Amino acid sequence: MQIDLTPKEFRRLLDLVYIGNWVLNSTRGEDRFQDYDNLESKLFALSPALSEEWNGTVVPSRAYQEGGIHEAIAYYEDNVFYEILAEELSRRDMDYPEITDENYDEIVGRMDRYMSEFESSGVDHLVLEES
């Protein structure tokens with residue numbers, strides 16, 4: 001197989017590979033999906049300017065990792081966190097119903113209100129009440 005990519009397209013591919021491997025492996029500790037690590041290593045080896053060797057393995061360079069890619073990952077993680085939190089709080093407010101056509105609009109409305117609050121104040125106004 002041969003794929004023709006411009007240098008810019010190849011850089012975008014490396015970004016996608018790095019982000020994908022981060023999502024799959026960053027929380028796995030020693031139980032990593034090694035085949036994804038190997039593919040990431042193989043592709044980054046094609047770009048010496050963005051890679052370095054660590055313990056005999058080609059990895060994305062420190063400069064690459066510190067060059068903004070983690071800001072993109074953090075932006076994604078923040079959005080996912082707030083969306084999941086808004087849905088969980090909305091469902092909690094309604095006694096955890098299954099989402100159906102009948103209650104979908106109410107859940108989404110509640111989620112929108114929570115998301116508005118999170119956008120303006122983050123989690124600053126969340127309070128855990130002792131029961």
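The shown structure was predicted, so the numbers you read here are calculated from the model rather than taken from an experiment. Residue numbers run from 1 in the order of the sequence given.
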* To do: Check whether any side-chain heavy atom of Ile19 lies under 4.5 Å from a side-chain heavy atom of Tyr76, and answer yes or no.
  => no
* **Any residue meeting side chain to side chain donor-acceptor pair (under 3.5 Å) with Glu66, in chain and number order, not counting sequence neighbours** => Arg62
* **Any residue meeting side chain to side chain donor-acceptor pair (under 3.5 Å) with Tyr114, in chain and number order, not counting sequence neighbours** => Arg92, Asp93
* Structure fact -> Residues Phe10 and Leu43: closest non-hydrogen pair is CZ-O, 3.5 Å
* Are Asp4 and Glu9 side-chain neighbours, meaning at least one heavy-atom pair lies under 4.5 Å? -> no
* Please determine, by modelled atom types, if Asn79 and Glu83 share a side-chain donor-acceptor pair under 3.5 angstrom. => no
* Asked: Measuring from Asp101:CG to Ile99:CD1, what's the distance to the nearest 0.5 Å?
  -> 11.0 Å
* Is there a side-chain contact between Ile73 and His70, using heavy atoms and a 4.5 Å cut-off? -> yes
* To do: Quick one: pull up CG in Leu24 and CD in Glu40 and give me the separation to the nearest 0.5 Å.
  => 10.5 Å
* Asked: For Arg113, which residues count as a side chain to side chain donor-acceptor pair (under 3.5 Å) partner, sequence neighbours excluded?
  -> none
* To do: Working to the nearest 0.5 Å, report the span between CD of Gln34 and OG of Ser41.
  => 9.0 Å
* Taking atom CD of Glu98 and atom CD1 of Ile107, what is their separation to the nearest 0.5 Å? -> 9.0 Å
* Structure fact -> Residue set satisfying side chain to side chain contact (heavy atoms under 4.5 Å, CB included) with Ser26, at least two apart, ordered chain then number -> Trp22
* Consider only side-chain heavy atoms of I, L, V, M, F, W and Y, link residues closer than 4.5 Å, and tell whether Leu89 and Ile84 are in one cluster. => no
* To do: Answer yes if Leu39 and Leu13 sit in the same cluster of Ile, Leu, Val, Met, Phe, Trp and Tyr residues linked by side chain heavy atoms under 4.5 Å apart, and no otherwise.
  => yes
* To do: Can you run down the side chain to side chain donor-acceptor pair (under 3.5 Å) pairs that involve residues 47-56, sequence neighbours left out, and say none if there aren't any?
  => none
* Structure fact -> Separation between CD (Glu71) and CG (Asp78), nearest 0.5 Å, reads 11.5 Å
* Is there a path of hydrophobic side-chain contacts, each under 4.5 Å between heavy atoms of I, L, V, M, F, W or Y residues, that connects Val59 with Leu14? -> no
* Any chance CD1 of Ile3 has more than 12 other-residue heavy atoms, nucleotides or ligands included, within less than 6.0 Å? -> no
* To do: For the residue pair Asp124 and Phe118, establish whether any side-chain heavy-atom pair is separated by less than 4.5 Å.
  => no
* To do: Tell me whether Ile69 is reachable from Leu50 by hopping between hydrophobic residues (I, L, V, M, F, W, Y) whose side-chain heavy atoms are closer than 4.5 Å.
  => yes
* To do: Could you pull out all residues at least two apart from Asp15 that satisfy salt bridge (Lys or Arg N to Asp or Glu O under 4.0 Å)?
  => Arg11
* Asked: Do the side chain of Arg91 and the main chain of Pro97 share a donor and acceptor less than 3.5 angstrom apart?
  -> yes
* Structure fact -> For Asn25, the side chain to side chain contact (heavy atoms under 4.5 Å, CB included) test, sequence neighbours excluded, returns Asn21, Arg28, Arg32, Phe33, Tyr36, Asp37
* To do: Return the set of residues passing ring pair (Phe, Tyr, Trp, His ring centres under 6.0 Å) with Tyr64 (not counting sequence neighbours), or none when no residue passes.
  => Tyr18, Phe44
* Apply side chain to side chain contact (heavy atoms under 4.5 Å, CB included) to Val127 and list each qualifying residue two or more places apart in sequence or on a separate chain. => none
* Set of residues satisfying side chain to side chain donor-acceptor pair (under 3.5 Å) with respect to Glu87, sequence neighbours excluded -> none
* Structure fact -> Between Met111 and Ala86, the two heavy atoms sitting closest are CG-O, 3.7 Å
* Asked: Looking at residues at least two apart in the chain, or sitting in another chain, which of them share a salt bridge (Lys or Arg N to Asp or Glu O under 4.0 Å) with Glu106?
  -> Arg110
* Return the set of residues passing side chain to side chain contact (heavy atoms under 4.5 Å, CB included) with Val123 (not counting sequence neighbours), or none when no residue passes. => Phe81, Tyr82, Leu85, Leu126
